[in-house]
Amino acid sequence: MLERWTQTLRIGVARNGIGLVSTRGWPFRKSPVLAAHAALSDPSDVLQGASGLLSETLQAHAVGGLPARIVLCDTLVRLFMVAPPRNATRLQDTRAAAEMRFGMLYDDAPGQWHLDADWDARHPFLACAMPRDLRDSLLEAALSAGVRVVEMLPQFVAALNRWHRVLAPHDWLGVVHANRVTVGIPGGGRLLSVRVLQLPQMAGLDATGLAALLAQEALRMELPQARQLRLCGMVPPGWLVPEADGLRFTRLELTQTMGRAQRAGRNPPAANLDQPGLALALTGMRA
């Protein structure tokens, strides 16, 4: 009974599949127990496919009654920075600024998107727009399996929440998924900027090429060059080097912890941590 009381779920939703991870034990720092990975039959229809697949997976593993956190891949959401008005004093002021900024950036109907943010009336803040239909369908799928969703957030936000305290001055955070790197640039204890780098030839891009791209971004934004890139997610092997062109590379990941736990026999040995859904589910999890 105590073990189930301390059990929680993490669900990763990618364009091509979902991953389900369960953690047990107090204080939630034992190695995760891998429950499932399921692939979408039609990745072009994420809305219908992901919600149906999530409902089936949760019901198949009899996890009703457990709390869950859902981590969405960054390709399913829109992340952007918002500068609050100078006279902003209320939540309504910051929300209005975020809605206006969203409309300027994407020329899309804000009613079709669920908007969430840090809501800071004094400093620029990070905002996230999730497709409302996708969000609602995932919540409904979880509810149908008796699972209570306590949080739904993008992969970048999950990583930022977990690792922001370890980012030193001139550290940049890079969250990798598919052919995309979401880069967070902190400063003064806050997030200064978020940049999305689309890398269609990511497999052929080595650490030197990535360092050059980040140097160009720093010049374009008139920010100091990054000294260290802290990486999360499905990081290409060619980026796992100590340093390239003066830029240090560090991987912030839980998969090593899972690997050690599996070798010690504490988890099912069949876990494939290279699956996108599982990588998303593990993002932000404490070792």
Side-chain angles (χ1 to χ4, degrees), residues 4 6-24 28 32-40 42-43 45-79 112-118 126-163 175-178 180 182 232-234 253-255 258 271-273 275-286:
R4 186 167 178 85
T6 60
Q7 186 176 359
T8 186
L9 303 174
R10 293 186 70 95
I11 300 164
V13 179
R15 286 189 174 275
N16 55 352
I18 66 170
L20 175 64
V21 171
S22 166
T23 63
R24 294 187 179 96
F28 304 105
V33 176
L34 199 63
H37 170 80
L40 288 175
D42 182 7
D45 188 5
V46 179
L47 173 59
Q48 296 298 325
S51 59
L53 194 56
L54 176 59
S55 179
E56 294 174 7
T57 303
L58 293 175
Q59 293 179 11
H61 287 85
V63 291
L66 295 179
R69 286 174 169 80
I70 298 180
V71 180
L72 303 177
C73 71
D74 291 342
T75 61
L76 293 173
V77 304
R78 292 172 174 176
L79 295 167
Q112 298 177 4
W113 297 79
H114 174 80
L115 197 61
D116 201 359
D118 291 334
L126 176 66
C128 166
M130 300 181 188
R132 191 175 295 276
D133 288 347
L134 176 62
R135 177 180 179 273
D136 292 347
S137 67
L138 292 174
L139 291 175
E140 183 178 350
L143 181 63
S144 70
V147 170
R148 176 171 52 92
V149 176
V150 298
E151 188 176 38
M152 186 185 301
L153 70 173
Q155 184 186 21
F156 175 79
V157 176
L160 184 65
N161 289 346
R162 170 66 179 94
W163 298 110
V175 180
V176 187
H177 184 84
R180 171 175 176 150
T182 306
C232 300
M234 303 185 72
E253 199 65 80
L254 184 63
T255 52
M258 282 197 69
N272 182 357
L273 302 180
Q275 300 285 4
L278 296 179
L280 291 167
L282 292 172
T283 301
M285 181 180 284
R286 293 181 180 273

Worked check of side chain to side chain donor-acceptor pair (under 3.5 Å) between T75 and R15: CA-CA 8 Å; T75 61; R15 286 189 174 275; 3.2 Å; yes
Interatomic distance, M130 atom CE to L115 atom CG [nearest 0.5 angstrom]: 10.0 Å
Spacing of R180 atom CZ and M234 atom CE [to the nearest 0.5 Å]: 15.5 Å
C128 SG to D118 CG distance, which is reported to the nearest 0.5 Å: 10.5 Å
A158 to T283 - nearest heavy-atom pair and separation: CB-O, 3.9 Å
side-chain contact (heavy atoms from CB on, under 4.5 Å) partner of I11, chosen from T57, L58, V149, V71: L58
D116 side chain near L153 side chain, heavy-atom distance below 4.5 Å: no
Where P67 and V150 come nearest, the two heavy atoms and their spacing: CB-CG1, 4.0 Å
Close side-chain approach of L72 and L138, heavy atoms under 4.5 Å: yes
Member of L66, L9, V63 meeting the side-chain contact (heavy atoms from CB on, under 4.5 Å) criterion with S22: L9
Between CG on residue L278 and CG on residue L20, distance to nearest 0.5 Å: 8.5 Å
L280 vs V13 side-chain heavy atoms within contact, under 4.5 Å: no
Nearest atoms (heavy-atom pairs only) where A279 meets Q155: O-NE2, 4.5 Å
N16 side chain reached by P276 side chain, heavy atoms, under 4.5 Å: yes
Under 3.5 Å donor-acceptor, S55 side chain and G52 backbone: no
R135 side-chain N/O to W113 backbone N/O, donor-acceptor pair under 3.5 Å: no
Beyond-backbone contact of R132 with H114, side-chain heavy atoms, under 4.5 angstrom: yes
All pairs passing salt bridge (Lys or Arg N to Asp or Glu O under 4.0 Å) where residues 47-74 contributes a residue, at least two apart: R69-E151
Step-by-step side chain to side chain donor-acceptor pair (under 3.5 Å) determination, S51 to E140: CA-CA 8 Å; S51 59; E140 183 178 350; over 6 Å; no
Backbone N/O of V21 and side chain of R10: donor-acceptor pair under 3.5 Å: no
